[in-house]
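Computed from heavy atoms alone, side chains included, the values below leave out hydrogens, waters and symmetry copies.
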Amino acid sequence: MTIVPAPVASAKKPSLVVIGNGMAGMRTVEELLKLAPDLYDITVFGAEPHGNYNRILLSPVLAGDKSIDDIMLNTRDWYVQNNITLHAGDPVEKIDRRRRTVRSQAGVEIKYDRLLLATGSKPFIIPVPGHELPGVIAFRDIQDVHIMLDAARNHRHAVVIGGGLLGLEAANGLLRQGMDVTVVHVTDSLMNQQLDKPAAALLKKALEMKGLRFLLNAQTEAIVGPDRVTAVRFKDGSEIPADLVVMTAGVRPNIGLAKEAGLHCDRAIVVDDTLQTYDPRIYAVGECVQHRQATFGLVAPIWDQARVCGAHLAGAGHRRYVQQATATKLKVTGVDLYSAGDFIGADDTEDLVLRDPRRGIYKRLVLQGSRLIGAVLYGDVKDGPWYFDLIREGGDISAIRHQLLFGQTISSQSQSQTPSPQAA
C-alpha cells in the first residue's frame with residue numbers, strides 16, 4: 001500500500017477530520033464555520049465522488065423534476081473557498097485512536113485532534129436468494145438514481161420492496177419515467193410507521209389512480225433470474241415480472257468503522273447530549289448515532305444535532321441536544337400527506353377525527369389531556385406546521401379544542417372572540 005502524504009497542517013491550528021461528506025457532517029461543519037471559521041485545519045473524507053448534495057431530493061431527480069446540479073449543497077469550489085481539504089470517493093477504512101490517525105482506502109493517512117463521524121446509514125437489503133443479481137439495488141445515492149433511470153430507458157417492469165416513505169417516492173419516480181411499478185409491502189397498510197390505517201387507505205387509493213399497483217401482506221421469498229433479475233417470488237408461490245427491484249425495506253446505522261475502532265456502540269454510535277462519543281476527542285452526528293436510546297432518520301433532528309455539535313467543536317459548548325417531535329411529508333406530486341408526533345395514541349389519549357370522503361380529506365388529532373401530541377393529515381395539510389408547533393410546544397389547547405380540527409384560522413378567530421375574565 002502506498003501512503004500518500006497528508007496535507008501539512010498549520011502549526012497553530014488543531015486538525016479536524018470529518019468522516020462522511022453527507023448532509024449531517026457538512027451541516028455540522030457549516031455551523032462550526034459560523035462560530036469559529038479559522039479554528040481548525042479541516043479534512044473531509046467521503047465515499048461518493050461528489051460534493052455534498054441534498055439526499056432528500058433524490059426522489060425529485062428520479063421523477064425528472066430536478067437535476068443533479070439542482071440538489072448540490074456544497075460544490076467543490078465551496079471546499080476550496082473555506083480551505084477544506086476534500087477526499088471525495090475515498091472512504092476511510094481505519095481509525096487508530098491510540099495514534100489519533102485515520103487511513104483511507106487510497107492510503108491517505110492523517111492525524112486528528114478532533115474527529116467527527118458522520119457515516120450515515122446503509123440500506124437494508126433483504127437477504128433472500130437472488131438479492132445479489134444485477135438489477136437489484138437500493139435507493140440511497142446518486143449512483144442508484146442513475147441505475148434506475150437507465151433501467152427505465154431499457155426495461156419495463158419495476159418492483160419496489162417496501163411501502164414506506166422512501167419506497168413510495170421511488171415507485172412514483174419510476175412510474176413517472178414510464179415503468180410499470182408494483183410496490184410490495186410486508187404489512188397490511190402503507191407507511192405504517194407514519195400513518196394510521198384510514199389515512200393509509202386513502203393514500204393507496206390515490207396512488208392506484210396514478211397507476212401504481214400494490215401487494216400488501218406479501219413476503220418476498222426469492223428474486224429470480226439467470227444472470228439478471230426477471231421476477232420476484234413470494235412465500236405463497238406466486239411470482240410477478242421484474243426487470244428492476246428496488247429495496248427500500250429500511251436502513252441500518254453505518255457503525256462498522258466505529259466498532260472496529262473500539263467506540264461504544266449499541267444499535268448505533270452512542271453519544272451524549274453534546275454529540276460526544278465515549279472518546280472525548282470524537283463526536284458523531286446523523287443517522288449513525290444513538291442518543292438516549294433513539295436513532296434518527298429525518299432531517300430536523302439531524303439539523304439540531306449539527307447546531308449543538310458545531311458549537312461544541314467551536315469551543316462554545318453551552319448547547320445540549322434535546323430530542324423533539326418530528327414531522328413527515330410525502331414528496332409525490334398530487335398527494336398531500338402530513339404526520340407528526342405520536343399518532344398511535346394510548347389508553348389515556350383521545351382522538352379528534354374529521355372525514356370528508358368526497359373531497360378526499362382526513363384529519364386525526366391525538367390529544368392527551370389538554371395537549372396535542374400527534375396529528376395525521378391527508379388531502380388538506382396546510383395546517384400541518386401549525387399542529388406541529390402545538391405538539392412541540394406542549395401547551396394547553398383547551399380553549400380551542402372544539403375548533404382544533406378546522407385549523408389555525410378558525411381556531412384563532414374563536415380564541416379572539418372568547419371574552420376575557422375581566423370583560424365577563
Side-chain angles (χ1 to χ4, degrees), residues 9-10 12-46 51-56 72-88 92 95 100 102 110-121 253-255 257-258 263 268-292 294-324 326 392:
S10 162
K12 295 181 180 178
K13 293 184 180 181
S15 168
L16 170 65
V17 174
V18 183
I19 301 178
N21 188 37
M23 295 170 69
M26 289 307 95
R27 185 60 171 250
T28 305
V29 170
E30 289 175 352
E31 295 290 341
L32 165 65
L33 293 176
K34 290 178 189 176
L35 298 170
D38 299 313
L39 181 58
Y40 293 99
D41 282 315
I42 302 174
T43 304
V44 177
F45 291 88
N52 173 35
Y53 62 90
N54 189 337
R55 196 180 301 276
I56 299 165
M72 281 292 164
L73 296 172
N74 303 107
T75 64
R76 288 178 179 267
D77 286 343
W78 177 85
Y79 295 84
V80 173
Q81 291 164 8
N82 287 280
N83 298 312
I84 296 171
T85 303
L86 172 64
H87 297 279
V92 168
I95 301 169
R100 298 208 308 274
V102 302
I110 185 168
K111 286 187 71 68
Y112 65 82
D113 295 290
R114 291 289 182 271
L115 180 64
L116 174 62
L117 300 180
T119 49
S121 60
N254 185 10
I255 61 174
L257 192 64
L263 288 173
I269 304 167
V270 177
V271 296
D272 64 14
D273 293 348
T274 70
L275 284 306
Q276 194 177 68
T277 70
Y278 275 54
D279 183 330
R281 291 184 179 271
I282 302 178
Y283 292 77
V285 292
E287 293 182 322
C288 65
V289 308
Q290 178 176 324
H291 173 263
R292 297 179 183 264
T295 55
F296 307 89
L298 298 176
V299 168
I302 291 173
W303 274 190
D304 289 341
Q305 292 174 13
R307 279 190 289 273
V308 172
C309 188
H312 283 273
L313 286 170
H318 60 281
R319 294 177 176 173
R320 295 291 183 268
Y321 174 63
V322 178
Q323 294 177 31
Q324 305 277 3
T326 56
R392 293 187 67 161

Dump the intermediate steps for side-chain hydrogen bond (donor to acceptor under 3.5 Å, both in side chains) on Y79 and N21, then the final yes or no. CA-CA 11 Å; Y79 295 84; N21 188 37; 2.5 Å; yes
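- N254 places a side-chain N or O within donor-acceptor distance of the main-chain N or O of T119, the cut-off being under 3.5 Å.
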Worked verdict on L313 versus R114 for side-chain contact (heavy atoms from CB on, under 4.5 Å): CA-CA 8 Å; L313 286 170; R114 291 289 182 271; 4.2 Å; yes
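- In this structure, T295 OG1 and I269 CD1 are separated by 12.0 Å, a value rounded to the nearest 0.5 Å.
- In this structure the side chain of T326 never reaches within 4.5 angstrom of the side chain of F296, judged on heavy atoms.
- The aromatic rings of F45 and H87 lie parallel to each other, their planes meeting at an angle below 30°, with 60° marking the opposite boundary.
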Hey, mind stepping through L116 and C309 against side-chain contact (heavy atoms from CB on, under 4.5 Å) and telling me if it holds? CA-CA 9 Å; L116 174 62; C309 188; 3.9 Å; yes
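- No salt bridge links K13 with D113; every basic N to acidic carboxylate O contact stays at or beyond 4.0 Å.
- With contacts defined as side-chain heavy-atom distances shorter than 4.5 Å, the pair Y40/L32 qualifies.
- Between H312 and Y283, the distance from one ring center to the other does not fall under 6.0 angstrom.
- Contact check for I19 versus V102: side-chain heavy atoms found under the 4.5 Å cut-off.
- Looking at every heavy atom in both residues, P253 comes nearest to E287 through CB-O, 3.5 Å.
- Without hydrogens or angle criteria, Q290 side chain to A268 main chain gives a donor-acceptor distance under 3.5 Å.
- In terms of heavy atoms, Y321 sits closest to P301 at OH-CB, 3.4 Å.
- With D273 as the fixed residue, the salt bridge (Lys or Arg N to Asp or Glu O under 4.0 Å) test singles out one of R292, R320, R319: R292.
- Distance check: I95 CD1 to I282 CD1 gives 6.0 Å after rounding to the nearest 0.5 Å.
- Annotation: side chain of V44 is not in contact with side chain of V17 (no heavy-atom distance under 4.5 Å).
- Contact annotation: the side chain of Y112 never approaches that of L16 to less than 4.5 Å [non-hydrogen atoms, C-beta and beyond].
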One pair to check against side-chain contact (heavy atoms from CB on, under 4.5 Å): M72 and Y53. What are the steps and the verdict? CA-CA 4 Å; M72 281 292 164; Y53 62 90; 3.9 Å; yes
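- The structure places CG of D279 at 8.0 Å from CZ of R281, a figure rounded to the nearest 0.5 Å.
- Distance CZ/R27 to CG/N74: 10.0 Å, rounded to 0.5 Å.
- Smallest separation of non-hydrogen atoms from A36 and A314: CB-CB, 3.9 Å.
- With no hydrogens or angles considered, no side-chain donor-acceptor pair links D272 and H291 at under 3.5 Å.
- The CD atom of Q81 sits 14.0 Å away from atom CZ of R76, with the distance rounded to the nearest 0.5 Å.
- With N82 contributing its side chain and I84 its backbone, the two residues share no donor-acceptor pair below 3.5 Å.
- Between L263 and Y278 the shortest side-chain heavy-atom distance does not fall below 4.5 Å.
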Determine, stepwise, if the pair L115 / L117 fulfils side-chain contact (heavy atoms from CB on, under 4.5 Å). CA-CA 7 Å; L115 180 64; L117 300 180; 4.1 Å; yes
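- Side-chain contact check for Q305 versus V289: some heavy-atom pair is nearer than 4.5 Å.
- One finds the CG atom of D38 at 8.0 Å from the CG atom of N83 (value rounded to the nearest 0.5 Å).
- Here the side chains of D304 and V322 are not in contact, with every heavy-atom distance at 4.5 Å or above.
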